[in-house]
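Quick caveat, the model's predicted, so the values are computed rather than measured.
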Amino acid sequence: MTENLLEPTGTESRPRSKKKVLFWTLGIFLVFVLIAGGIIWAALSKLGDFETIDNAFPEESTRPEESVAAEGEDDPSINILLLGSDSRADTTTPILDDLGNRADTIMVAHIPSDRSGVQIMSIMRDSWVEIPGYGHSKINAAMSHGGVPLMIETVEDIIDQRIDHVAVADFNGFENITDALGGVELNNPRAFSYGDHQFQEGPITLNGDEALTFVRSRNFSDGDYTRVENQQLFMKGMASEVLSRDTLTSPGKLNDLVEATTPYVALDGDFGAGTMVGLGTSMSSVRANDITSFTLPTSGLGTEGGGQSVVYIDWDELDEVQERFKDDELADYQPDPR
């Protein structure tokens, strides 16, 4: 990837200073709203088109304290809960109406104080955890019991840190977004087939329909482990495509991405233009290689209550995860997910 990626040259559309702010904002918004069913790309003029999550957060008395800036840094770290679903029938139905208990993908995007990158932690949707007020259950049950606020409270209990923002994306947006990019390239570590699609091992390029199948497929012997790995792989490939010069210097492609994205995203009410500009300006040097991902460590599969299949969290390793969130040291953390 070339240097000065976000600084187009020549007479391409707008004055450079204005264009830089827009591209910084677009790029950083993309980075932390990558949900295994969609990658979010938005121009500031289109922010008002996103669905708003009203009353997104739990009662303040139940929450961890706000983060403070690390020594020598101006800003605190930021944690963003990312929820993905494929439950919505069509774009005329609000995302949250159909979300129910089907948050098929759960991720926490961590932006460190120094704004040097983004670390994204996936949480297995069948993880057996304590749901505040409801006892032990799959983490997905938090959605059915108390919607987004209870999901936030549950995740905050797991990482022992505050969630600052939340975004929900509909998997169905993946298809249009991928096609707007002209396809996404990735290096597939394992061959598999699902429905009418066959995915070969090695370098492959996915169109929209293929991408949707690739991130949705559960046709694996290890439950959701491989599915989560595929979602992370596609997320990284799409980030590389969006942050490429070919995309950032093409007004037509940017407009196509905006149009393809807005019907499939909902954000908390504070996740607006001011937040975008602030983050974008402070993260102007972030590239796709600065995005890392890992899965919350688990200790295996089992069954609970009525024979439902669950995933057990590795509570010993969770102590390490919590410390790294607290100390802003997730960038080089790559635990064995299983």
Side-chain angles (χ1 to χ4, degrees), residues 28 30-40 63-64 67 76-85 103-130 138-140 142-143 148 151-169 215 223-239 279 283 286 288-300 311-338:
I28 302 316
L30 151 81
V31 163
F32 54 63
V33 210
L34 301 160
I35 298 184
I39 199 170
I40 313 313
R63 311 192 66 199
S67 300
S77 61
I78 295 175
N79 295 310
I80 302 163
L81 179 62
L82 311 173
L83 303 175
S85 172
D104 296 287
T105 300
I106 304 166
M107 295 182 178
V108 179
H110 178 80
I111 301 175
S113 289
D114 64 7
R115 302 300 192 256
S116 59
V118 179
Q119 296 89 50
I120 302 175
M121 182 183 77
S122 296
I123 301 175
M124 305 287 285
R125 62 184 184 142
D126 290 339
S127 295
W128 189 249
V129 301
E130 178 81 19
K138 293 182 181 182
I139 191 170
N140 228 357
M143 290 301 302
V148 173
M151 177 64 83
I152 290 176
E153 186 176 355
T154 302
V155 172
E156 287 182 335
D157 284 352
I158 292 173
I159 65 174
D160 197 29
Q161 293 294 306
R162 190 181 185 93
I163 295 296
D164 301 288
H165 293 292
V166 60
V168 178
V215 299
D224 270 357
Y225 283 102
T226 296
R227 180 173 183 259
V228 167
E229 292 170 4
N230 284 347
Q231 291 170 350
Q232 293 173 345
L233 180 65
F234 184 82
M235 173 182 69
K236 191 67 177 286
M238 185 173 274
L279 282 173
M283 299 178 70
V286 168
N289 287 338
D290 300 316
I291 307 168
T292 59
S293 60
F294 66 96
T295 301
L296 178 67
T298 64
S299 59
V311 176
Y312 295 114
I313 289 176
D314 185 337
W315 297 107
D316 292 333
E317 186 64 24
L318 180 61
D319 291 339
E320 176 77 7
V321 173
Q322 292 175 343
E323 284 299 311
R324 285 180 175 266
F325 266 98
K326 177 182 176 182
D327 297 336
D328 224 359
E329 295 180 351
L330 286 167
D332 61 350
Y333 184 56
Q334 288 296 319
D336 184 345
R338 40 184 156 179

Next item on the list: Please lay out, stage by stage, how W128 and I313 fare under the test side-chain contact (heavy atoms from CB on, under 4.5 Å).
Entry: CA-CA 7 Å; W128 189 249; I313 289 176; over 6 Å; no
Margin query: According to side-chain hydrogen bond (donor to acceptor under 3.5 Å, both in side chains), who are the partners of N230, at least two apart in sequence or on a separate chain?
Written below: R190
Next item on the list: With sequence neighbours left out, write down each residue that passes salt bridge (charged side-chain N to carboxylate O under 4.0 Å, His left out) with D290, or none if nothing qualifies.
Entry: none
Check: Can you name the residues that form a side-chain contact (heavy atoms from CB on, under 4.5 Å) with S113, not counting sequence neighbours?
Finding: A70, E73, S77, D328
Next item on the list: Please answer whether the main-chain N or O of P64 pairs with a side-chain N or O of R162 as donor and acceptor at a distance below 3.5 Å.
Entry: yes
Next item on the list: Hey, could you give me the CD1/CE distance between I291 and M238, rounded to the nearest 0.5 Å?
Entry: 12.0 Å
Margin query: Testing V228, I106, L82 one by one against S122 for a side-chain contact (heavy atoms from CB on, under 4.5 Å), which residue passes?
Written below: V228
Next item on the list: Kindly write out the residues that satisfy side-chain hydrogen bond (donor to acceptor under 3.5 Å, both in side chains) with Q334, not counting sequence neighbours, or none if the list is empty.
Entry: none
Note to self: Restricting to side-chain hydrogen bond (donor to acceptor under 3.5 Å, both in side chains), what partner residues turn up for E156, sequence neighbours left out?
What the structure shows: R63
Note to self: Under the criterion side-chain contact (heavy atoms from CB on, under 4.5 Å), I'd like the reasoning laid out for M121 against I159: C-alpha separation, chi angles, the key distance, then a yes or no.
What the structure shows: CA-CA 10 Å; M121 182 183 77; I159 65 174; 3.7 Å; yes
Note to self: For a 4.5 angstrom cut-off between non-hydrogen side-chain atoms, does E130 reach D157?
What the structure shows: no
Margin query: Do M143 and L83 make a side-chain contact, defined as non-hydrogen atoms from C-beta onward lying under 4.5 Å apart?
Written below: yes
Notebook entry, point to check: How would you list, by chain and number, every residue that makes a side-chain hydrogen bond (donor to acceptor under 3.5 Å, both in side chains) with D316, sequence neighbours excluded?
Noted result: none
Checklist line | side-chain contact (heavy atoms from CB on, under 4.5 Å) partners of D327, counting only residues at least two apart | finding: E323, E329
Check: Is there a donor-acceptor pair closer than 3.5 Å between any side-chain N or O of Q119 and the backbone N or O of T292?
Finding: no
Note to self: Let me confirm one number: the CD1-CG distance from I123 to L81, rounded to the nearest 0.5 Å.
What the structure shows: 7.5 Å
Checklist line | Partner of I78 by side-chain contact (heavy atoms from CB on, under 4.5 Å), out of V118, D164, I163 | finding: D164
Checklist line | Heavy-atom closest pair, residues M151 and I139 | finding: CE-O, 3.6 Å
Margin query: The criterion is side-chain contact (heavy atoms from CB on, under 4.5 Å); which residues satisfy it with E317, sequence neighbours excluded?
Written below: P297, D314, E320, Y333, P335
Margin query: Quick one, T105 and V215 - any side-chain contact, counting heavy atoms below 4.5 Å?
Written below: no
Check: In a check of side-chain contact (heavy atoms from CB on, under 4.5 Å) between V166 and each of V155, I152, N79, which one passes?
Finding: I152
Item checked: Partner set under side-chain contact (heavy atoms from CB on, under 4.5 Å) for S293, not counting sequence neighbours -> I120, Q232, M235
Notebook entry, point to check: Please walk me through it: do M124 and L296 pass side-chain contact (heavy atoms from CB on, under 4.5 Å)?
Noted result: CA-CA 7 Å; M124 305 287 285; L296 178 67; over 6 Å; no
Check: Would you say the side chain of R125 lies within less than 4.5 Å of the side chain of K138, judging by non-hydrogen atoms?
Finding: no
